[in-house]
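Please read the structure below before turning to the comments.
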Amino acid sequence: MSVTEEQAAVLALTRATAGPWHHTARVVEAAGSALRLVRGDLGGLGGHDRAHAARVLARLRPGDLGRAEALIASCPAALVTVLDDDYPGNLAYAYNLQPFLWVRGRLEGGDHRSVAVTGDAPGACAAARALAAAGLTVVCDGPRTAAAAAAGGRAIVVAPHDGQPMAVVGGPGGGRPVTGGPGVVVAVSPFWPGTAATARTRAVTGLVTSGLAAALYAAGAGDGERAAMALSQGKHVFAAPGLPWTPRLAYRGGVTVVAGIDELARQAVNLVDVTRLTTVF
């Protein structure tokens, strides 16, 4: 079986999934082969996973595998699935990992040393700029924040996939070429090409943004839900002072309030270097 056939099988199974996709991602991982699942071989799966796989297989339609292969061939972005060695390690450790990612540019080995930054406000941009200058990859879902990080380092921006070649991210004058190396933005999407923005896509964008990083920085009063998601994924959360949701979440541990951008950069570097994962980008 070829890599493309396995990737197409992951897409076909995801397309046939009703509800959140992360259970399918875990079942594919457990089986070790999406193509084997498509062919009806559920050997080795536990009872819960076997039942989920059976429900997904019942929704498969004739030709789904071929349509997935055609999509891979026509899409300008590269495809990475949970079965591929280059699937991002930080996200692989999250319970709600996604089955696939489309990537414009190249994810690199050092990208596991990363901090997600929420929002696109001036404070987020300042934090992204400082984190990038400290040598960390910045993961975000805002073009201005991505451009701020790319001014002096690397940024990964998570956004809905529009199915078109993406030469730059961030708008006129604000983007950087989507290629490897410092001073660039790598674009990542966990969605089908042509997906429109909805409440669901915004939620998935948020979980992938924090999932791709080793930690998250939240600067806004409305970032409590994003911080809670990051904590549920096992990520450390850095927070600006005086946020209303900090006392509610901090009792569980894993939240550090930083007095300023310099302290954020210093503590973030220490954290990602101490808690480096064994499986990385």
Side-chain angles (χ1 to χ4, degrees), residues 88-97 110-159 185 188 202-277 280-281:
N90 286 341
L91 185 57
Y93 276 84
Y95 78 92
N96 50 7
L97 81 171
D111 287 337
H112 70 285
R113 300 182 69 253
S114 54
V115 175
V117 177
T118 62
D120 223 9
C125 292
R129 191 176 298 110
L131 291 166
L136 301 175
T137 297
V138 176
V139 187
C140 53
D141 53 16
R144 287 190 295 273
T145 306
R154 282 178 60 79
I156 299 171
V157 61
V158 183
V185 176
V188 172
R202 285 189 289 272
V204 173
T205 295
L207 72 87
V208 172
T209 300
S210 55
L212 285 168
L216 177 136
Y217 174 65
D223 290 335
E225 188 173 339
R226 296 284 296 274
M229 171 58 71
L231 289 172
S232 75
Q233 294 173 316
K235 314 295 182 177
H236 193 87
V237 171
F238 295 103
L243 299 180
W245 49 264
T246 304
R248 174 170 52 85
L249 294 182
Y251 79 94
R252 297 187 298 180
V255 178
T256 300
V257 176
V258 290
I261 298 301
D262 290 341
E263 183 182 349
L264 166 66
R266 182 174 62 255
Q267 292 212 35
V269 169
N270 290 339
L271 181 136
V272 299
D273 286 340
V274 168
T275 60
R276 181 172 300 180
L277 299 178
V280 298
F281 280 89

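Computed from a predicted model, the values in this text were never measured in an experiment.
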key: Rounded distance (nearest 0.5 Å) linking atom CG of L212 with atom OG1 of T137   = 10.5 Å
ask   = Looking at side-chain heavy atoms only, is the closest gap between K235 and N90 below 4.5 Å?
value = yes
ask   = With distance as the sole test, does E263 use its side chain to make a donor-acceptor pair with the main-chain N or O of A259 at under 3.5 Å?
value = yes
query = Which atoms form the tightest heavy-atom contact between S114 and V272, and what is the distance?
reply = O-CG1, 3.9 Å
inquiry  = Test of understanding: with side-chain contact (heavy atoms from CB on, under 4.5 Å), list the residues that count as partners of E225, not counting sequence neighbours.
reply    = none
query = Sequence neighbours excluded, which residues qualify as salt bridge (charged side-chain N to carboxylate O under 4.0 Å, His left out) partners of D223?
reply = none
inquiry  = Working to the nearest 0.5 angstrom, can you tell me the gap between T118 OG1 and L216 CG?
reply    = 5.5 Å
note = When every non-hydrogen atom of A265 is compared with those of A134, the smallest separation belongs to CB-CB, 4.3 Å
All pairs passing side chain to side chain donor-acceptor pair (under 3.5 Å) where residues 119-134 contributes a residue, at least two apart = D120-T145
message = Can you pull out every side chain to side chain donor-acceptor pair (under 3.5 Å) where at least one residue sits in residues 203-216? Sequence neighbours excluded, please.
response = S210-Q233
ask   = Do you know which two heavy atoms are closest between V139 and A213, and how far apart they sit?
value = CG2-CB, 4.1 Å
Check: residues 243-251 side-chain donor-acceptor pairs under 3.5 Å, at least two apart:
| unit_1 | atom_1 | unit_2 | atom_2 | d |
| --- | --- | --- | --- | --- |
| W245 | NE1 | G220 | O | 3.1 |
| T246 | OG1 | L243 | O | 3.4 |

message = Are the side chains of F238 and V255 in contact, using a 4.5 Å heavy-atom criterion?
response = no
request  = Taking side-chain contact (heavy atoms from CB on, under 4.5 Å) as the test, write out the residues that go with A149, two or more places apart.
outcome  = A128, A132, V138, A155
key: Test item: V258 and Y217 side chains (from C-beta on) under 4.5 Å apart, heavy atoms   = yes
task = Would you give the length of the straight line joining atom OG of S232 to atom CG of N96, rounded to the nearest 0.5 angstrom?
result = 6.0 Å
task = For the pair R113 (side chain) and G135 (backbone), establish whether a donor and an acceptor sit closer than 3.5 Å, ignoring hydrogens and angles.
result = yes
message = What I'd like to find out is whether the side chain of V115 reaches to under 4.5 Å of the side chain of H236, using heavy atoms alone.
response = no
ask   = So do the side chains of L264 and L131 get within less than 4.5 Å of each other, counting heavy atoms only?
value = yes
query = With a 4.5 Å limit on heavy-atom distance, are the side chains of V269 and L136 in contact?
reply = yes
query = Which heavy-atom pair separates L231 from G253 by the least distance, and what is that distance?
reply = CD2-O, 3.9 Å
